[in-house]
Amino acid sequence: MPKDNTGFFDKVYDLARQIPYGRVTSYGAIARALGAAGSARMVGWAMNGASNYDDVPAHRVLNRNGVLTGKHHFPGTDLMQKLLEEEGIVVKEDQVQDFKDLFWDPVTELGFED
DNA sequence: GGTCTGACCGTGT
DNA sequence: CACACGGCCAGAC
């Protein structure tokens, strides 16, 4: 057996898969939803390996400002922005417009808060 | 097995 | 308002 996933990573991927179409969330929100508030960096790092999963929309995960901080990690130059725009999300200057309106908080939407 | 790094976030000066 | 620093956890060397 391929030695189970790194627990935390698996949770991050699982949560990322639940991000609705046309919506975005932040690394911190995911971390907080997983009960690892403060370890948002880990979420970003986990996303680094998300490229290995076709069902993990890493492009829907931004930082708290709604900025495409990880766009440089996508193949090409503006693939991340392109993917978001295809979902109807307006991106300008690497920043999502109406971010707060498109923001999808897993804690609220999925009721992760205890 | 210790040390550095990382697609972040919050607070302090 | 701009910059610095600490913290969180896991992976790579």
Side-chain angles (χ1 to χ4, degrees):
Chain A
M1 60 189 295
K3 191 173 181 177
D4 65 8
N5 322 344
T6 53
F8 196 90
F9 275 46
D10 189 44
K11 289 180 183 176
V12 174
Y13 301 143
D14 187 51
L15 190 60
R17 293 192 192 97
Q18 299 179 64
I19 302 174
Y21 179 94
R23 289 297 188 84
V24 293
T25 189
S26 68
Y27 303 97
I30 293 175
R32 189 156 47 86
L34 297 178
S39 55
R41 301 172 64 176
M42 246 319 303
V43 178
W45 187 242
M47 285 280 120
N48 194 10
S51 303
N52 299 322
Y53 301 80
D54 298 344
D55 45 350
V56 179
H59 62 275
R60 292 183 191 152
V61 184
L62 317 169
N63 70 355
R64 75 179 190 84
N65 287 314
V67 178
L68 285 59
T69 53
K71 62 171 289 184
H72 292 288
H73 293 267
F74 280 77
T77 53
D78 292 313
L79 178 61
M80 188 175 185
Q81 179 175 331
K82 186 177 179 181
L83 291 171
L84 291 171
E85 292 180 330
E86 283 184 23
E87 298 190 2
I89 298 174
V90 180
V91 180
K92 185 178 182 180
E93 298 289 305
D94 295 344
Q95 189 171 313
V96 173
Q97 304 302 292
D98 300 314
F99 177 63
K100 61 174 171 56
D101 190 52
L102 296 171
F103 184 64
W104 182 80
D105 188 352
V107 178
T108 302
E109 304 297 329
L110 300 178
F112 263 80
E113 59 183 343
D114 294 317

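Numbers restart at 1 for each chain; the letters A, B, ... are given by sequence-line order, proteins then strands.
Residue Arg41(A) has its side chain nearest to dC8(C) when only dC8(C), dA10(C), dA7(B) are considered. Nearest to the side-chain atoms of Phe8(A) among the listed nucleotides dA10(C), dC8(B), dC8(C) stands dA10(C). Side-chain atoms of Trp45(A) lie closest to dG6(B) of the nucleotides dA7(B), dC8(C), dG6(B). Counting only heavy atoms from C-beta on, Ala40(A) has its side chain closest to dC9(B) among dC9(B), dA10(C), dC9(C).
Between the OH atom of Tyr53(A) and the P atom of dA7(B) there is a distance of 19 Å, given to the nearest Å. Atom CG of Leu34(A) and atom C1' of dA10(C) are 14 Å apart (whole Å). Protein atom CE of Met47(A) is 18 Å distant from nucleotide atom P of dG6(B), rounded to whole Å. The distance from atom NZ of Lys11(A) to atom P of dA10(C) is 9 Å, rounded to the nearest whole Å. Across the protein-nucleic acid pair, Asn65(A) atom CG and dC1(C) atom C1' stand 15 Å apart, rounded to whole Å. Rounded to whole Å, the distance from CE on Met42(A) to P on dC8(B) is 13 Å. Atom C1' of nucleotide dC8(B) and atom OH of Tyr27(A) are separated by 9 Å, given to the nearest angstrom.
At distances below 3.5 Å, at least one donor-acceptor pair connects side-chain atoms of Tyr13(A) with backbone N or O atoms of Ala46(A).
Within 4.0 Å (heavy atoms only), Asn63(A) reaches sugar-phosphate atoms of the nucleic acid but no base atom. At a threshold of 4.0 angstrom between heavy atoms, the contacts of Arg64(A) are confined to the sugar-phosphate backbone, with no base atom among them.
When side chains are defined from C-beta on, Phe99(A) does not count as touching Asn65(A), because their heavy atoms never get closer than 4.5 Å. In this structure the side chain of Arg60(A) never reaches within 4.5 angstrom of the side chain of Thr25(A), judged on heavy atoms. A heavy-atom distance below 4.5 Å is not found between the side chains of Val24(A) and Trp104(A).
With hydrogens and angles left out, the side-chain atoms of His59(A) and Glu87(A) include a donor and acceptor closer than 3.5 Å.
Thr69(A) has a side-chain polar atom (N or O) that falls below the 4.0 Å cut-off from OP1 or OP2 of dC8(B).
With Leu84(A) as reference, Ile89(A) is the one residue of Leu102(A), Ile89(A), Val90(A), Asp78(A) to meet the side-chain contact (heavy atoms from CB on, under 4.5 Å) rule.
In DNA chain B, runs of at least 3 consecutive Watson-Crick or G-U pairs, each pair with both distances below 3.5 Å, span B:2-6 with C:9-13, B:8-13 with C:2-7.
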